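A quick note: this is a predicted structure, and the numbers were derived from the prediction, not measured. Here is the naming used below: chain letters follow the sequence lines, and residue numbers restart at 1 for every chain.
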Amino acid sequence: MILPLHDRVRDRVRAVLADRYALGDDAGVSIVIEYPPTRTLGDLGTPVAFDLARRLRKAPRAIAQEIAGALGAIEGVARVEAAPNGYLNVFLDRRTFLLSRLGVVPGLPAAPAHTEKAIVEHTAINPNKAAHIGHVRNSCLGDTLGRVLRFRGMPVEIQNYIDDTGVQVADVVVGVRHLEGLDLDGIRRIADTTRFDYYCWDLYARVTEWYAGDKARLQVRADTLHDIEHGTDPVAAIAGFIADRIVRCHLVTMGRLNIDYDLLTWEGDILRLQFWARAFEVLKETGAVFLQTEGRLAGCWVMPIEDDLAAAGAEAAPAAPAPADAGPAGDEDEQREKVIVRSNGTVTYVGKDMAYQLWKSGLLGRDFHYRPFGTTLDGRVLWATTTDTTAAEAGHPPFGAAAATYNVIDVRQAYLQKLLKQALIAVGHPKEAERLTHFSYEMVALSHATARELGYAPPADSDEARKPFVEVSGRKGLGVKADDLLDRIIEKAQAEVTRRNAALSPEDRDRTARAIGVAAVRYFMIKYSRTKVIAFDIDEALSFEGESGPYLQYAVVRANNIFQKLQEREGLTEADILRSLLDTPAAALDGDDGDHDLWALVLEASRLDDVVEQVVRTLEFSVLAKYGFGLAQMFNGLYHKSPILNEERQDLRRWRAAAVGYFRLQLARVLELMGVHVPARM
RNA sequence: GCGUCCGUAGCUCAGUUGGAUAGAGCAUCAGCCUUCGAAGCUGAGGGCCGCAGGUUCGAGUCCUGCCGGACGCACCA
């Protein structure tokens with residue numbers, strides 16, 4: 001870990017600036033710590049002298065030289081140099097650095113842990129059909145976010161929102177009852193004997209077609225929705241059954257990817273427990289919403305939309321809204337408004353979301369009841385909300401009321417998420433709004449090749465054919481199901497594992513193939529910027545070569561093998577080697593022969609904490625993916641160039657082994673952050 | 001119309017709060033398995049960083065305009 005050294009260097013430079021140039025903390029000089037492009041130039045560097053050049057009317061190089069001369073000794077630093085171009089470069093004490101990273105000698109104290117809780121909401125798949133590739137992107141990002149926050153010491157609560165009362169579930173209920181003519185027992189038999197999420201996937205597509213055949217049939221949907229909302233059986237019972245079973249399918253699918261949750265929040269409970277009613281009171285009391293009495297929205301409770309939402313006014317435009325009374329001139333609806341409660345008295349999706357968000361931020365003054373729903377991947381109770389007061393209340397951890405909330409939802413929801421934030425401000429909680437983050441990401445589409453493979457080729461002369469990718473459509477049933485993708489990639493991994501490791505037991509082969517498949521899928525989902533549309537190509541995702549999850553795993557497996565062989569052949573453990581380093585000259589690490597690659601690996605491996613900080617700051621996981629890949633690349637280069645087992649010089653092999661030991665520790669951590677396990681062999 | 005995002009090598013993409021010679025993977029070509037596992041390594045070719053201005057000691061990165069593309073702006077969720 002490198003950040004404590006950043007801080008130490010930065011503090012010392014700051015002290016020199018204050019001392020020598022009378023530039024205190026209020027002078028606004030930011031001391032940026034970077035990494036010089038090569039290790040011969042230094043290990044850490046700062047361009048601070050460039051910043052000061054104008055202010056001090058001096059050449060950057062001269063300033064850098066002055067600072068370097070005034071710094072004095074810094075613990076853990078071998079020397080500081082002013083580069084000819086004005087950079088101030090820091091060379092670390094390599095031996096001490098590596099030994100302290102490995103715990104052989106005491107290191108710097110760890111940063112204090114965060115204590116505030118964060119809620120991460122992700123997945124939130126409509127419980128009416130199988131998960132597809134787009135959902136996988138959401139869940140992988142959300143799960144990684146949770147892991148990254150926890151890595152920094154923050155308690156995290158992962159929630160999965162279940163929309164069990166919307167039209168999507170209603171549509172499948174319509175299919176069950178009107179297309180299939182089934183009752184609850186009938187659908188239960190099917191659920192018990194088939195891939196139920198796949199069954200519903202197809203049924204849902206058929207219902208969509210059925211509606212298209214005669215618009216009058218939409219009345220059936222409306223009636224079904226009404227029955228679900230009012231708990232009228234048998235419709236409500238069937239809807240409840242479907243949602244429950246599909247959610248369990250989703251949990252299994254996500255579990256295959258090492259993704260799980262602490263709490264399932266059911267939308268139905270938000271309504272039944274009057275969360276909305278309470279939120280509505282708050283919204284009315286604070287004037288955040290008001291009853292529109294005229295115009296086309298007459299009879300609706302609406303929220304005025306802030307200017308900066310509609311038009312990107314850079315300035316705050318104080319007191320712009322001034323709702324209601326004035327009544328904007330006639331039909332010109334200058335003042336834009338968002339309907340929260342429809343004229344028929346029902347609440348919109350945004351309203352429900354506001355109630356949910358108020359609860360998440362601890363501002364609602366109500367709580368759910370909780371029931372055990374299942375078991376998490378690590379054997380804890382997976383909780384779900386409930387209205388049932390007699391359910392097992394005891395023993396559940398406190399839920400909700402987080403200091404920070406992250407909503408992982410695709411970019412198309414940006415507008416609504418912004419409204420949500422605005423609502424928090426409107427009810428008097430700007431701080432909570434500040435700490436509400438919409439973690440947005442772009443869509444997953446299909447490459448033309450993959451769409452063709454799935455039997456969907458847009459007509460050659462159509463607009464679709466000219467686009468760079470083909471859109472996924474859940475309604476038409478067009479898309480790659482998450483489980484199909486996983487099945488295929490694991491099957492392929494298994495063939496590869498079998499070819500390479502004939503002696504492996506079937507169980508080990510299976511486990512290994514699953515680990516590799518997960519790595520391939522999860523790395524693929526992480527390696528692109530979240531602002532980029534992924535044109536999903538099945539062959540590309542299935543590839544295990546080059547920049548891929550398995551490449552990272554393979555590097556760790558190789559490193560593990562070295563230590564295994566050391567143990568087998570010479571009875572040496574990593575601990576033995578580390579102990580022996582205390583009185584071994586560190587020429588190998590110091591690069592006395594002009595080769596700094598071993599040290600470069602150590603320094604790069606230590607950057608994980610710095611990378612994680614950047615990841616959290618930018619919410620950009622491609623940074624983590626690239627870091628892991630680059631680290632693995634450095635190791636692989638060294639692996640071919642600098643042998644350990646076959647190295648005769650004791651000092652060389654020991655320091656190489658120590659560096660590799662640190663490398664595998666750090667890369668394994670990177671993989672863990674991605675939710676990827678390292679198999680014993682592959 | 002308004003807003004958000006994207007445009008970097010043949011293809012797919014990185015590029016850290018502006019910094020040192022713009023980097024990977026795939027594809028192509030040439031090499032490397034008797035030496036810790038070749039899911040690997042080494043090397044080569046391939047770039048008006050969409051275009052034009054501006055700010056700066058310094059711009060792929062920030063600002064303005066334009067061009068091209070995606071998405072959003074419902075009494076749908």
Side-chain angles (χ1 to χ4, degrees), chain A residues 30 32 34-38 41 45-47 50-51 53-54 59-60 83 85-87 89 126 163 165-168 267 296-297 299-302 305 308-312 336 338-344 346 348-350 352-353 410-416 418 440 442-443 445 447 467-469 493 496-497 500-501 516 527-529 531-535 537 540 543-548 550-551 553-555 557-559 561-566 569 610-611 613-615 617-618 620 622-623 625-627 629-630 633 636-647 653 660 681-682:
Chain A
S30 66
V32 176
E34 300 169 354
Y35 303 91
T38 68
L41 289 172
T46 173
F50 296 105
D51 242 6
R54 163 170 289 191
N85 60 5
Y87 271 92
N89 290 333
N126 280 310
D163 179 6
T165 59
V167 283
Q168 304 240 15
E267 184 170 276
R296 67 193 166 82
L297 298 183
C300 296
W301 286 85
V302 300
I305 296 169
D308 70 326
L309 263 183
R336 289 158 50 81
K338 181 72 190 174
V339 173
I340 308 299
V341 179
R342 305 183 186 99
S343 52
N344 68 5
T346 57
T348 61
Y349 160 76
V350 199
K352 284 182 267 191
D353 232 28
D410 72 64
V411 67
R412 293 178 304 185
Q413 302 276 5
Y415 178 70
L416 291 172
K418 224 165 174 181
S440 77
E442 265 292 354
M443 309 306 301
S447 72
K467 289 186 177 178
F469 44 74
E496 197 67 24
V497 171
R500 292 157 185 269
N501 305 279
I516 294 170
K527 75 173 187 178
Y528 301 100
S529 288
T531 53
K532 233 134 196 168
V533 178
I534 297 180
D537 186 90
E540 197 185 330
S543 167
F544 298 147
E545 285 174 6
E547 193 193 337
S548 69
Y551 178 95
Q553 285 176 308
Y554 188 61
V557 168
R558 279 177 146 182
N561 281 347
I562 295 173
F563 284 100
Q564 202 181 320
K565 292 252 158 65
L566 275 172
R569 295 183 189 174
D610 189 17
V611 169
E613 282 308 307
Q614 191 190 335
V615 164
R617 192 172 64 241
T618 61
E620 190 53 82
S622 59
V623 174
K626 299 288 171 190
Y627 168 69
F629 177 63
Q633 249 183 340
N636 274 331
L638 222 59
Y639 180 87
H640 284 271
K641 194 179 72 173
S642 309
I644 291 173
L645 294 178
N646 302 317
E647 175 55 55
R653 74 198 309 249
V660 169
R681 315 184 59 77
M682 56 186 288

Using nucleotides 5-9 of chain B, report all nitrogen or oxygen pairs with the protein that are shorter than 3.5 Å.
{"from": "B/rC5", "atom 1": "O2'", "to": "A/Thr531", "atom 2": "O", "distance (Å)": "3.4"}
{"from": "B/rG7", "atom 1": "OP1", "to": "A/Lys532", "atom 2": "NZ", "distance (Å)": "3.3"}

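Contact annotation for A/Val32: base contact, defined as any heavy-atom pair under 4.0 Å involving a base atom. If you check every strand for non-hydrogen atoms under 4.0 Å, A/Met443 touches nothing. Among the atoms of the strands shown, base atoms are found under 4.0 Å from some heavy atom of A/Ser642. Residue contacts shown for A/Leu566 are absent, as no nucleic acid heavy atom lies under 4.0 Å away. Using a 4.0 Å heavy-atom distance criterion, A/Gln413 is classed as a base contact. Within 4.0 Å (heavy atoms only), A/Arg500 reaches at least one base atom of the nucleic acid. Within 4.0 Å (heavy atoms only), A/Pro60 reaches no atom of the nucleic acid at all. Residue contacts shown for A/Glu545 are limited to sugar-phosphate atoms, with no base heavy atom under 4.0 Å away. A/Val660 comes within 4.0 angstrom of nothing in the nucleic acid, heavy atoms only. Heavy atoms of A/Asp353 sit nowhere under 4.0 angstrom from any nucleic acid atom. Within the 4.0 angstrom heavy-atom criterion, only backbone atoms of the sugar-phosphate kind lie near A/Asn646; the bases stay farther away.
In the set B/rA38, B/rA39, B/rA20, B/rA38 carries the atom at the smallest distance from any side-chain atom of A/Arg558. Taking only side-chain atoms of A/Val339, from C-beta outward, the nucleotide of B/rC75, B/rU16, B/rG40 with the closest atom is B/rC75. The side chain of A/Glu547 lies closest to B/rA24 when the candidates are B/rA24, B/rG15, B/rC75. Distances from the side chain of A/Tyr415 to the nucleotides B/rC75, B/rG72, B/rA14 place B/rG72 closest. Of the candidates B/rC36, B/rU12, B/rU16, the closest approach to any side-chain atom of A/Ile644 belongs to B/rC36. Across B/rA20, B/rA70, B/rC36, the shortest atom-to-atom separation from the side chain of A/Val533 is found for B/rA70. Comparing B/rA38, B/rA74, B/rG15 by their nearest atom to the side chain of A/Ser529 picks out B/rG15. Residue A/Ile562 has its side chain nearest to B/rC36 when only B/rA14, B/rC36, B/rA70 are considered.
Between B/rA24 and B/rG37, the two P atoms lie 27 Å apart (nearest whole Å). For B/rA74 and B/rA9, the P atoms lie 37 Å apart once the distance is rounded to whole Å. Remark: the separation of the P atoms in B/rC32 and B/rG47 is 28 Å, to the nearest Å. For the C1' atom pair drawn from B/rG15 and B/rU61, the interatomic distance equals 9 Å after rounding to whole Å. Using atom P as the reference point in both B/rC63 and B/rU16, the two lie 14 Å apart (nearest Å).
If you check the side chains of A/Asn636 and A/Tyr551, you find a donor sitting under 3.5 Å from an acceptor. Neither side chain, A/Tyr349 nor A/Asp163, offers a donor N or O lying under 3.5 Å from an acceptor on the other.
Using a 4.5 Å heavy-atom cutoff, the side chains of A/Glu547 and A/Gln633 are not in contact. Side-chain contact between A/Gln413 and A/Ser440 is absent, with no heavy-atom pair separated by less than 4.5 Å. Proximity of A/Arg681 to A/Arg500: side-chain heavy atoms (C-beta onward) are nowhere separated by under 4.5 Å.
With hydrogens and angles ignored, no donor-acceptor pair under 3.5 angstrom links the side chain of A/Asn636 to the base of B/rA38. The base of B/rC75 lies close enough to the side chain of A/Ser343 for a donor and an acceptor atom to sit less than 3.5 Å apart.
In this structure, the separation between OG on A/Ser642 and CD on A/Glu647 is 8.0 Å, given to the nearest 0.5 Å. Atom NZ in A/Lys527 sits 8.5 Å away from atom CZ in A/Phe629 (nearest 0.5 Å).
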Using Watson-Crick and G-U wobble pairs with both distances under 3.5 Å, what is the 5'-to-3' dot-bracket string of RNA chain B, with [ ] for crossing pairs and | for pairs outside the strand?
(((((((..((((.....[...)))).(((((.......))))).....(((((..]....))))))))))))....

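Distances shorter than 4.0 Å separate some side-chain N or O of A/Gln633 from OP1 or OP2 on B/rG25. Between B/rG37 and A/Lys565, a contact under 4.0 Å exists linking OP1 or OP2 to a side-chain N or O. Between A/Arg681 and B/rG37 there is no side-chain N or O to OP1 or OP2 distance below 4.0 Å. Within the structure, every side-chain polar atom (N or O) of A/Arg617 is placed at least 4.0 Å from both OP1 and OP2 of B/rU16. Checking the phosphate oxygens (OP1, OP2) of B/rA39, a side-chain nitrogen or oxygen of A/Tyr554 falls inside 4.0 Å.
Between A/Gly45 and A/Pro36, the shortest heavy-atom distance links the atoms N-CD, 3.8 Å. Here the closest heavy-atom approach between residue A/Ser543 and residue A/Ser548 is recorded as O-CB, 3.9 Å. Shown here for A/Val623 and A/Val611, the closest heavy-atom pair between the two residues is CG1-CG1, 4.0 Å.
Of the two residues contacting RNA chain B, namely A/Leu645 and A/Asn126, the nearest-nucleotide position lying further toward the 5' end is that of A/Leu645. Mapped onto RNA chain B by nearest heavy atom, A/Phe50 and A/Gln614 fall at different nucleotides, with A/Gln614 at the one closer to the 5' end.
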Decide yes or no on side chain to side chain contact (heavy atoms under 4.5 Å, CB included) for A/Thr165 and A/Lys352, but give the supporting numbers first.
CA-CA 11 Å; A/Thr165 59; A/Lys352 284 182 267 191; 4.1 Å; yes

Show, in sequence, the C-alpha distance, side-chain angles and deciding distance for A/Val32 and A/Phe50, and conclude whether the side chain to side chain contact (heavy atoms under 4.5 Å, CB included) test is met.
CA-CA 11 Å; A/Val32 176; A/Phe50 296 105; over 6 Å; no

Determine, step by step, whether A/Lys338 and A/Leu416 satisfy the side chain to side chain contact (heavy atoms under 4.5 Å, CB included) criterion, reporting the C-alpha distance in whole Å, the side-chain angles of both residues, the deciding distance to 0.1 Å, and the verdict.
CA-CA 10 Å; A/Lys338 181 72 190 174; A/Leu416 291 172; 4.0 Å; yes

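The separation between A/Glu620 atom CD and B/rC13 atom P is 13 Å, rounded to whole Å. In this structure, OH of A/Tyr551 is placed 8 Å from P of B/rG25, rounded to the nearest angstrom. In this entry the distance linking CD of A/Glu540 with C1' of B/rC11 reads 9 Å, nearest Å. The interatomic distance linking A/Phe629 (CZ) with B/rG23 (P) rounds to 15 Å, in whole Å. Put simply, CZ on A/Phe563 is 14 Å from P on B/rG37, counting in whole angstrom units. A/Asp51 places its CG atom 14 Å from the P atom of B/rU17, with the value rounded to the nearest Å. Remark: P of B/rG23 and NZ of A/Lys626 are 15 Å apart, rounded to the nearest angstrom. Remark: C1' of B/rU16 and OH of A/Tyr35 are 10 Å apart, rounded to the nearest angstrom.
Glycosidic conformation at B/rC33 (O4'-C1'-N9-C4 for purines, O4'-C1'-N1-C2 for pyrimidines): syn, within 90° of 0.
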